[in-house]
Asks: 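This is the structure I have questions about; it appears just below.
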Amino acid sequence: MELPEVEVMRRDLEKDVVGRRVKSVEVRPSKNAMRVIRRHGRRKEFSSRLEGRKVAKAERKGKYLLLTLDSGEVLVVHFGMSGQFIRANKRVALPPHTHVVITFQQGGDLRFVDPRTFGELFVSAADEIGKVKELQHIAIDPLEDTFTWQSFGDLLAQRAAKLKALLMDQKFVSGLGNIYSDEVLFAAGLRYDRTSDALSSQEVRRLYRAIQEIVQEAIRYRGTTLDDVAYVDLFGKPGEYQHELKVYGRRGLPCRRCRTPIDVVRISNRSSYFCPQCQS
DNA sequence: GTTTAACCCTGCACGC
DNA sequence: TGCGTGCAGGGTTAAA
């Protein structure tokens with residue numbers, strides 16, 4: 001799950017979960033459920049900090065979701081590759097790989113489901129949240145006002161790394177993963193292996209605009225749902241951006257702009273899709 | 001400083 | 001049909 005999917009989830013939670021009070025929390029008996037709450041030694045140490053608390057705020061930092069409680073504590077959520085939140089109720093059977101079930105006083109529940117268990121949930125004390133390492137190093141968010149093309153250009157000039165790796169680096173710019181970084185590079189007309197400090201100011205501008213456009217478009221389409229581990233929104237509904245993808249997953253298919261077959265390379269064990277004609 | 005490989009998991013598509 | 005292999009949108013770490 002990348003920025004657009006996390007943001008869609010955040011908005012859904014803001015509408016449907018913020019304001020509800022937690023009645024009970026069940027961390028499922030499986031070993032993997034403990035893996036998901038790996039920072040807490042015991043199930044109870046996790047659940048008791050949520051029980052009786054009201055969800056006050058739903059925020060996002062990069063690919064992390066922060067649910068602030070009326071106690072001031074924060075439920076930090078990272079979805080990893082296959083994590084998801086699903087709203088349901090006790091009459092609906094728990095799907096496989098459900099690790100945590102949060103039941104609300106007003107009825108209904110919120111389930112954290114994650115087959116690959118790269119996702120994580122943990123509760124942080126109010127005064128500790130600033131010290132959480134993973135959150136501290138998260139770079140500027142493309143949706144923030146402070147993300148300007150000038151500041152972005154400075155950052156690019158300070159590094160000499162390949163664009164694909166840099167776009168995926170959460171310490172450089174937050175929220176982009178493998179799908180959207182490929183889409184951004186296509187929209188900018190830049191190859192994955194271009195070096196960041198060797199871009200013209202026009203190219204910097206194109207890259208900057210592409211990031212904003214792709215992220216905003218993907219949110220508007222409510223995220224990308226591929227058939228692998230399918231992302232769905234809070235209510236189980238898939239996104240629509242997969243129909244808009246220009247390069248990701250389209251190996252050998254004609255480029256939507258120039259008809260040249262889309263090519264793919266492997267960079268540090270991840271696929272990068274690009275159009276050899278449109279990107280240079 | 002930058003890049004690579006390996007690792008953490010499960011499930012699915014694919015080829016033999 | 002069954003089985004092994006590779007691959008999947010996350011991130012970290014050590015080593016080159």
Side-chain angles (χ1 to χ4, degrees), chain A residues 1-9 28 30-39 60-65 76-85 95-99 112-122 132-139 155-185 192-198 214-215 218-219 221-233 238-252 264-273:
Chain A
M1 206 188 269
E2 306 180 36
L3 189 157
E5 291 78 30
V6 180
E7 178 61 20
V8 169
M9 182 58 72
R28 302 284 298 158
S30 69
K31 214 172 156 187
N32 275 344
M34 280 312 291
R35 207 181 115 73
V36 165
I37 59 155
R38 56 185 87 95
R39 294 197 199 198
R60 182 183 56 75
K61 188 158 186 190
K63 299 176 188 172
Y64 285 81
L65 195 64
V76 180
V77 184
H78 189 253
F79 294 98
M81 284 171 91
S82 59
Q84 51 175 303
F85 263 151
H97 308 294
T98 301
H99 304 302
F112 186 78
V113 181
D114 186 5
R116 288 181 201 157
T117 62
F118 289 172
E120 186 180 9
L121 299 182
F122 64 92
V132 176
K133 222 177 152 200
E134 292 89 333
L135 298 175
Q136 272 180 337
H137 72 219
I138 290 185
L155 291 171
L156 284 166
Q158 284 163 24
R159 299 285 295 270
K162 298 206 167 74
L163 289 182
K164 168 79 189 215
L166 211 45
L167 290 180
M168 299 241 300
D169 183 355
Q170 304 303 300
K171 298 187 201 71
F172 183 76
V173 58
S174 65
L176 301 176
N178 206 32
I179 295 181
Y180 293 115
S181 55
D182 280 2
E183 294 299 311
V184 162
L185 288 171
Y192 61 91
D193 55 355
R194 287 291 299 279
T195 309
S196 58
D197 63 355
I214 296 293
V215 166
I219 293 172
Y221 281 87
R222 296 190 60 80
T224 302
T225 300
L226 297 173
D227 39 37
D228 177 25
V229 175
Y231 155 80
V232 289
D233 70 14
E240 296 293 337
Y241 196 73
Q242 61 277 13
H243 308 302
E244 309 302 317
L245 296 175
K246 305 291 193 295
V247 285
Y248 184 83
R250 305 193 72 244
R251 171 173 44 193
V264 62
V265 288
R266 274 194 88 72
I267 302 173
S268 53
N269 268 334
R270 232 150 235 161
S271 303
S272 278
Y273 297 86

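Chain naming here is simple, since letters A, B, ... match the order of the sequence lines and numbering starts at 1 in each.
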Asks: Find the distance Asn32(A):CG to dC8(B):P and express it as a whole number of Å.
Replies: 13 Å
Asks: In whole angstrom, give me the gap between the P atoms of dA6(B) and dT5(C).
Replies: 16 Å
Asks: Mind checking ring-ring contact (aromatic ring centres under 6.0 Å, His included) for His97(A) and listing every partner two or more places apart, or none if nothing turns up?
Replies: none
Asks: So, using side-chain contact (heavy atoms from CB on, under 4.5 Å) as the criterion, who are the partners of Asn269(A) when residues are at least two apart?
Replies: Arg266(A)
Asks: Once salt bridge (charged side-chain N to carboxylate O under 4.0 Å, His left out) is applied, do any residues pair with Arg39(A), and if so which ones, sequence neighbours excluded?
Replies: Glu120(A), Glu134(A)
Asks: For Ala165(A), what residues pass the side-chain contact (heavy atoms from CB on, under 4.5 Å) criterion, not counting sequence neighbours?
Replies: none
Asks: Rounded to whole Å, how long is the line connecting atom CZ of Phe118(A) with atom P of dG9(C)?
Replies: 11 Å
Asks: Restricting to salt bridge (charged side-chain N to carboxylate O under 4.0 Å, His left out), what partner residues turn up for Lys164(A), sequence neighbours left out?
Replies: Asp182(A)
Asks: Is the distance from OP1 or OP2 of dG9(C) to the nearest side-chain N or O of Ser82(A) less than 4.0 Å?
Replies: no
Asks: Can you list everything that forms a side-chain contact (heavy atoms from CB on, under 4.5 Å) with Arg60(A)? Sequence neighbours excluded, please.
Replies: Leu3(A), Val6(A), Glu7(A), Arg10(A), Asp141(A), Leu143(A)
Asks: Quick one: Asn178(A) CG to dC7(C) C1', roughly how many Å, whole number?
Replies: 12 Å
Asks: Reading 5' to 3' and counting Watson-Crick or G-U wobble pairs with both distances under 3.5 Å, write the dot-bracket notation for DNA chain C, | for bases paired outside the strand.
Replies: .|||||||.|||||||
Asks: Once you round it to whole Å, what is the distance between C1' of dG9(C) and CD of Glu183(A)?
Replies: 12 Å
Asks: Sub-3.5 Å donor-acceptor pair from the side chain of Glu183(A) to the main-chain atoms of Ile214(A), do we have one?
Replies: no
Asks: Measure from OH on Tyr273(A) to C1' on dG9(C) and round the result to the nearest Å.
Replies: 11 Å
Asks: List in chain and number order the residues that pass salt bridge (charged side-chain N to carboxylate O under 4.0 Å, His left out) with Arg194(A), two or more places apart in sequence or in another chain; answer none if no residue qualifies.
Replies: Glu203(A)
Asks: Scan Thr224(A) against the nucleic acid and name what it touches under 4.0 Å (heavy atoms): base, sugar-phosphate only, or nothing.
Replies: base
Asks: Whole angstroms only, please: what is the CG-P distance between Leu226(A) and dG10(C)?
Replies: 11 Å
Asks: Given atom CE of Met34(A) and atom C1' of dC9(B), what is their separation to the nearest angstrom?
Replies: 17 Å
Asks: Tell me if the centroids of the rings in Tyr248(A) and Tyr180(A) come within less than 6.0 Å of each other.
Replies: no
Asks: How far does the C1' atom of dC8(B) sit from the matching atom of dC3(C), given to the nearest Å?
Replies: 24 Å
Asks: At less than 4.0 Å, is any side-chain N or O atom of Arg116(A) found next to OP1 or OP2 of dG11(B)? Yes or no.
Replies: no
Asks: Detail all sub-3.5 Å separations between protein N/O atoms and N/O atoms belonging to nucleotides 3-6 of chain B.
Replies:
from   : atom 1 : to        : atom 2 : distance (Å)
dT3(B) : OP1    : Lys162(A) : N      : 3.3

Asks: Distance alone, cut at 3.5 Å: any donor-acceptor contact between the side chains of Thr117(A) and Arg35(A)?
Replies: yes
Asks: Could you state the CZ-C1' distance from Arg266(A) to dG9(C), rounded to the nearest angstrom?
Replies: 13 Å
Asks: According to side-chain contact (heavy atoms from CB on, under 4.5 Å), who are the partners of Lys162(A), at least two apart in sequence or on a separate chain?
Replies: Asp193(A)
Asks: Tabulated below should be each protein N or O lying under 3.5 Å from an N or O of nucleotides 11-16 of chain C; please produce it.
Replies:
from    : atom 1 : to       : atom 2 : distance (Å)
dG11(C) : OP2    : Lys63(A) : NZ     : 2.8

Asks: Say you pick atom P in dC9(B) and the same atom in dT13(C); how far apart are they, in whole Å?
Replies: 16 Å
Asks: Could you check whether Arg38(A) gets within reach of a base, just the sugar-phosphate, or nothing at all, counting any heavy atom under 4.0 Å?
Replies: nothing
Asks: Please identify each residue that fulfils side-chain hydrogen bond (donor to acceptor under 3.5 Å, both in side chains) with Arg222(A), with sequence neighbours left out.
Replies: Asp12(A), Asp233(A)
